[in-house]
Amino acid sequence: MIKKLILTLLLLISYSFALTKDEIKPKMSTKIDKVLLILKNNQLQKDQKKEKILSIMNSIFDYSLMSRLSLGRMWSTLQDEQKEKFIKLFTNKLRTSYLDKLDLYTDQFVEVLGTEEPKNNRVILKTQIVGKEDKYSIDYKFYRKNDDNWLIYDVNLLGVSIIQTYRQQFAGFLKDKSFEDLMVNLSIEPTNAK
């Protein structure tokens, strides 16, 4: 009985953050606006900003799929325990990288340009960061996970896929090192990396 109650609660929580296809543009616009307000708030400490931003954006990323895609064919060779550990480490790396890039914010604004639907179960939200001198494109790639629940599985920065970049890095790393070496490398905090 308790297990069913917990499962139901978890499903309700996850679906309360789910996006339908029609909600991608308006809800992402709202989320982006909230993030920009947090970044502009000088009364918040850096860690407070990061925590608030994660609470806004975290639920729309499918870190499990992103992890699987970043490893490519190697994923199918891993044991379940290795997969779980990799997802945890890679998710942390993605979050840290995303949050560290927010430090570069210097009063730019974000335009949400619209969506494209390259396939039935794929939607790309096209945005651009507009600064005083330059514009930078950021495309959020969504897929339909189930029913009408859409999640981000990749982000293109200036036309470069984050997941493809990691996939190439990991493939190069694994040519002459083991998967365990990769796990150790991922577990090293960036401030401790040499």
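The analysis underlying the following values was restricted to heavy atoms, covering all of them including side chains, and did not include hydrogens, waters or symmetry mates.
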Q: Taking the six-membered ring for Trp, are Tyr166 and Phe90 parallel (under 30°), tilted (30 to 60°) or perpendicular (over 60°)?
A: perpendicular
Q: Would you indicate whether Asp134, at its atom CG, is surrounded by more than 12 heavy atoms from other residues, nucleotides or ligands within a distance under 6.0 Å?
A: yes
Q: Any sub-3.5 Å donor-acceptor pair from Lys31's side-chain atoms to Ile56's backbone N or O?
A: yes
Q: Among residues at least two apart in sequence or on other chains, which ones pass salt bridge (Lys or Arg N to Asp or Glu O under 4.0 Å) with Lys52?
A: none
Q: Same cluster for Leu113 and Trp150 if Ile/Leu/Val/Met/Phe/Trp/Tyr side chains link at under 4.5 Å?
A: no
Q: Is the NZ or CZ atom of Arg95 both under 6.0 Å from the centre of the six-membered ring of Phe61 and within 45° of that ring's axis?
A: no
Q: Should Trp75 and Met183 be counted in the same cluster of Ile, Leu, Val, Met, Phe, Trp and Tyr side chains packed under 4.5 Å apart?
A: yes
Q: Would you please name every residue forming a side-chain contact (heavy atoms from CB on, under 4.5 Å) with Lys141, sequence neighbours left out?
A: Ile124, Tyr153, Asp154, Asn156
Q: Are any side-chain N or O atoms of Thr96 and backbone N or O atoms of Lys93, one a donor and one an acceptor, separated by less than 3.5 Å?
A: no
Q: Charged N to carboxylate O below 4.0 Å: is that the case for Glu117 and Lys21?
A: yes
Q: Roughly how far, to the nearest 0.5 Å, is the OH atom of Tyr63 from the CG atom of Leu94?
A: 7.0 Å
Q: Do Val130 and Ile138 share a hydrophobic cluster, counting only Ile, Leu, Val, Met, Phe, Trp and Tyr and linking them when any side-chain heavy atoms are less than 4.5 Å apart?
A: no
Q: Test of understanding: clusters of I, L, V, M, F, W, Y form through side-chain heavy atoms closer than 4.5 Å, transitively. Do Leu71 and Val184 belong to the same one?
A: no
Q: Might you confirm whether atom CG of Asp176 has over 12 heavy atoms from other residues, nucleotides or ligands at distances under 6.0 Å?
A: yes
Q: Side chain of Thr91, backbone of Lys88: donor and acceptor closer than 3.5 Å?
A: no
Q: Do Leu54 and Leu36 belong together in a cluster built from hydrophobic side chains that touch within less than 4.5 Å?
A: yes
Q: Drop me the distance from Arg68's CZ to Ser76's OG, to the nearest 0.5 angstrom.
A: 10.0 Å
Q: Does the distance from a Lys or Arg side-chain N to an Asp or Glu carboxylate O, for Asp100 and Lys46, drop under 4.0 Å?
A: no
Q: Please name all residues satisfying salt bridge (Lys or Arg N to Asp or Glu O under 4.0 Å) with Lys132, sequence neighbours left out, ordered by chain then number.
A: none
Q: List in chain and number order the residues that pass side-chain contact (heavy atoms from CB on, under 4.5 Å) with Lys25, two or more places apart in sequence or in another chain; answer none if no residue qualifies.
A: Ser29, Val112, Thr115, Leu125
Q: Run the side-chain contact (heavy atoms from CB on, under 4.5 Å) test against Glu51 and tell me which residues pass, sequence neighbours left out.
A: none
Q: Between the side chain of Asn41 and the main-chain N/O of Ile38, is any donor-acceptor distance below 3.5 Å?
A: no
Q: Please go through Val160's hydrophobic cluster and name the other residues, only I, L, V, M, F, W, Y counting, with side-chain heavy atoms under 4.5 Å joining them.
A: none
